[in-house]
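Positions are given from 1, in the same order as the sequence printed here. Both ligands and their constituent atoms are indexed starting at 1 by order of listing. The model shown is predicted, which means the values in this text are computed figures rather than measured ones.
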Amino acid sequence: MARLLVPVVLALSFCTTLVASVSLPVTKRVDRSKLKNLAHADRARVKALLHPVHPSNERARKPPSVQAQNTGFTYTVDVGVGEPATTYSLIVDTGSSNTWVGADPQKPFVYSNSTRNTTEVVGVSYGSGFFAGDALFDTISLSSSPSPLTAHNQSLGSATVSSGFEGFDGILGLGPTILTNETVTNAELVPTVIDTLFAQRKIKERVVGVAFTPLNEHVRNGPRGSGSVSFGAVDHSQFVGPVSYVPVTSTFPSSLFFGVDASFKYGSSHKPLLGKTAGIVDTGTSLLLLATDAYTRYIKATGATFDTTVGLLRLTARQYRNLKPLQVRIGAGGETYVVTPDAQILPRTLNVDVGGKGEAYYLIVADLGQESGTGLDFVLGQSFLERFYSVYDSGANGDDGKARVGFAYTRYTFSLSNGLNVTGSW
Ligand SMILES: *[C@@H]1O[C@H](CO)[C@@H](O)[C@H](O)[C@H]1NC(C)=O
Ligand SMILES: *[C@@H]1O[C@H](CO)[C@@H](O)[C@H](O)[C@H]1NC(C)=O
Ligand SMILES: *[C@@H]1O[C@H](CO)[C@@H](O)[C@H](O)[C@H]1NC(C)=O
Ligand SMILES: *[C@@H]1O[C@H](CO)[C@@H](O)[C@H](O)[C@H]1NC(C)=O
Ligand SMILES: *[C@@H]1O[C@H](CO)[C@@H](O)[C@H](O)[C@H]1NC(C)=O
């Protein structure tokens with residue numbers, strides 16, 4: 001019996017591979033000149049996420065008063081726009097939902113014969129900057145060969161002004177549709193790239209899978225080793241074991257994002273650092289941010305010192321040897337994700353770049369900048385996402401109410417690479 005079942009199983013798994021999806025390599029860009037205020041830049045982003053001021057009308061086209069805080073770590077993916085396509089290197093952002101190009105004045109939007117102009121304008125402000133420009137429609141292609149995923153008539157922005165994204169071409173907005181609200185004049189919501197691919201039946205599920213690689217690991221993996229992002233399905237080659245899903249939290253304002261309910265514990269302590277509460281998962285945040293009260297408990301538990309030069313918590317070698325795992329339990333009765341001591345430190349390769357000392361250990365757990373209880377009490381940023389595969393599912397039937405977030409362990413979950421001091425390029 002068991003033997004007879006084998007061909008059936010094989011046939012089924014063959015069928016599932018026919019679901020249209022693509023997996024594209026991502027590039028992690030480290031801007032050494034921007035590494036001295038990682039936590040500060042992350043907090044500025046949280047502020048902007050919580051209080052969006054979309055510069056989508058002429059009055060607001062002037063730069064917003066919040067000072068742009070560029071982030072030191074950015075993941076990008078190459079996306080084709082137009083027919084014939086021009087390739088842009090766009091920031092992978094699950095915390096915003098508009099897709100736009102033209103951040104680099106040297107590489108403006110290229111009009112092609114698939115471009116459909118409108119008279120509307122579009123604008124979004126981010127903690128790291130803002131853009132405003134012309135709203136238009138064009139073809140987007142993800143990957144070139146052998147068969148790209150192509151979305152026609154995708155709503156896009158062509159930036160006429162922007163700040164804070166020097167060195168990048170624009171943003172690929174992978175967040176929920178609701179975040180596009182009032183970003184385009186005379187429109188309430190505009191479809192995201194994922195929405196358009198789904199509506200045009202190019203993908204069967206509104207799913208994005210993100211695999212980010214710890215910095216010192218991709219020095220070993222070579223130039224294309226920063227990870228990948230898949231569209232339309234998860235990429236089974238990027239995780240081990242199952243993906244566990246939890247519904248997007250119902251707690252506002254985390255509910256607007258890929259927000260989840262989670263609790264945080266340090267070591268074997270019975271008292272949590274942060275009891276079950278809502279926060280977000282965000283590819284555009286560098287660190288792991290905890291509400292101030294939880295962050296304070298983390299300092300007490302680890303004995304860390306705040307390093308005013310680096311803007312991060314610091315441990316001595318001895319304290320680091322005693323550092324315990326940070327346990328993140330996601331969802332009601334859900335899975336616990338273990339953030340190992342190695343995963344709680346900044347790659348030591350960067351100690352000097354962040355303005356720190358060679359022998360120290362800098363922590364990636366940072367202050368969110370507000371006490372818990374606001375409905376957004378933590379951010380699981382890149383430091384967490386480099387240890388766990390993450391899945392952003394906007395709802396299989398185009399129903400935002402069914403949105404969920406998934407996580408899985410990866411070959412890097414227990415990597416000891418952050419403790420190494422690797423010389424190489426990335
Ligand atoms: C329109 O696209 C086609 C196909 O790529 C190209 O051959 C042609 O030159 C384009 N026409 C214009 C006017 O740009
Ligand atoms: C769309 O707008 C651009 C920039 O203003 C212009 O160069 C282009 O010719 C316009 N295309 C059409 C089809 O009107
Ligand atoms: C894109 O929009 C144009 C103009 O409205 C329409 O003619 C065309 O059919 C649309 N294409 C797709 C693939 O939806
Ligand atoms: C968009 O924002 C406006 C103004 O804040 C609000 O009235 C409207 O309900 C929002 N739309 C959606 C779909 O949430
Ligand atoms: C890493 O190596 C560099 C260059 O050899 C050195 O300056 C730095 O202090 C080292 N950092 C650590 C954490 O050992």
Side-chain angles (χ1 to χ4, degrees), residues 46-61 64 66 80-86 88 94-126 130-140 151-162 169-170 173-196 198-199 206 247-259 278 280 374-376 392 394-395 397-404:
V46 170
K47 274 212 185 84
L49 292 179
L50 290 174
H51 307 286
V53 192
H54 297 312
S56 61
N57 54 50
E58 289 302 330
R59 182 174 46 83
R61 272 184 177 219
V66 271
V81 177
E83 296 176 38
T86 303
Y88 295 94
T94 61
S96 71
S97 304
N98 293 79
T99 295
W100 59 277
V101 303
D104 179 356
Q106 304 301 311
K107 197 166 179 190
F109 184 88
V110 176
Y111 291 83
S112 70
N113 57 19
S114 60
T115 311
R116 194 154 58 87
N117 288 344
T118 75
T119 55
E120 307 303 335
V121 293
V122 54
V124 180
S125 70
Y126 310 84
F130 79 99
F131 94 96
D134 299 318
L136 41 78
F137 294 89
D138 211 334
T139 303
I140 289 263
H152 297 283
N153 289 348
Q154 172 59 42
S155 169
L156 290 173
S158 160
T160 47
V161 281
S162 75
D169 294 341
L174 297 174
T177 318
I178 189 76
L179 295 178
T180 66
N181 193 12
E182 302 198 312
T183 55
V184 176
T185 49
N186 293 313
E188 198 175 8
L189 305 178
V190 295
T192 65
V193 170
I194 292 298
D195 291 336
T196 305
F198 183 75
R206 295 195 299 166
V248 164
T249 181
S250 57
T251 304
F252 181 85
S254 294
S255 52
L256 299 177
F257 299 87
F258 281 109
I280 64 168
T374 65
L376 199 165
Y392 308 83
S394 306
N397 300 310
D399 175 4
D400 279 320
K402 295 277 166 55
R404 59 184 190 159

By number and element, which atoms of ligand 4 are closer than 4.0 Å to a non-hydrogen atom of I178? 12 (C), 13 (C), 14 (O)
Which ligand 4 atoms does N181 reach within 4.0 Å, using its non-hydrogen atoms?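 Going through ligand 4 atom by atom, the ones under 4.0 Å from N181 are 1 (C), 2 (O), 3 (C), 8 (C), 10 (C), 11 (N), 12 (C), 14 (O).
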Just do the side-chain contact (heavy atoms from CB on, under 4.5 Å) check on L156 and F137 with the steps written out, would you? CA-CA 6 Å; L156 290 173; F137 294 89; over 6 Å; no
I'd like to check the side-chain hydrogen bond (donor to acceptor under 3.5 Å, both in side chains) partners of [X]; sequence neighbours left out, ordered by chain and number.
X    : value
S255 : none
S254 : none
S96  : D93

Can you pull the residues with any heavy atom under 4.0 Å from ligand 2? Y111, N117
For residues Q154 and T196, is any side-chain donor paired with an opposing acceptor at under 3.5 Å? yes
Using modelled atom types only, decide if a donor and an acceptor are shared between the side chain of S112 and the backbone of E83 within a distance under 3.5 Å. yes
Should R116 and D138 count as an ion pair when the cut-off is N to O under 4.0 Å? no
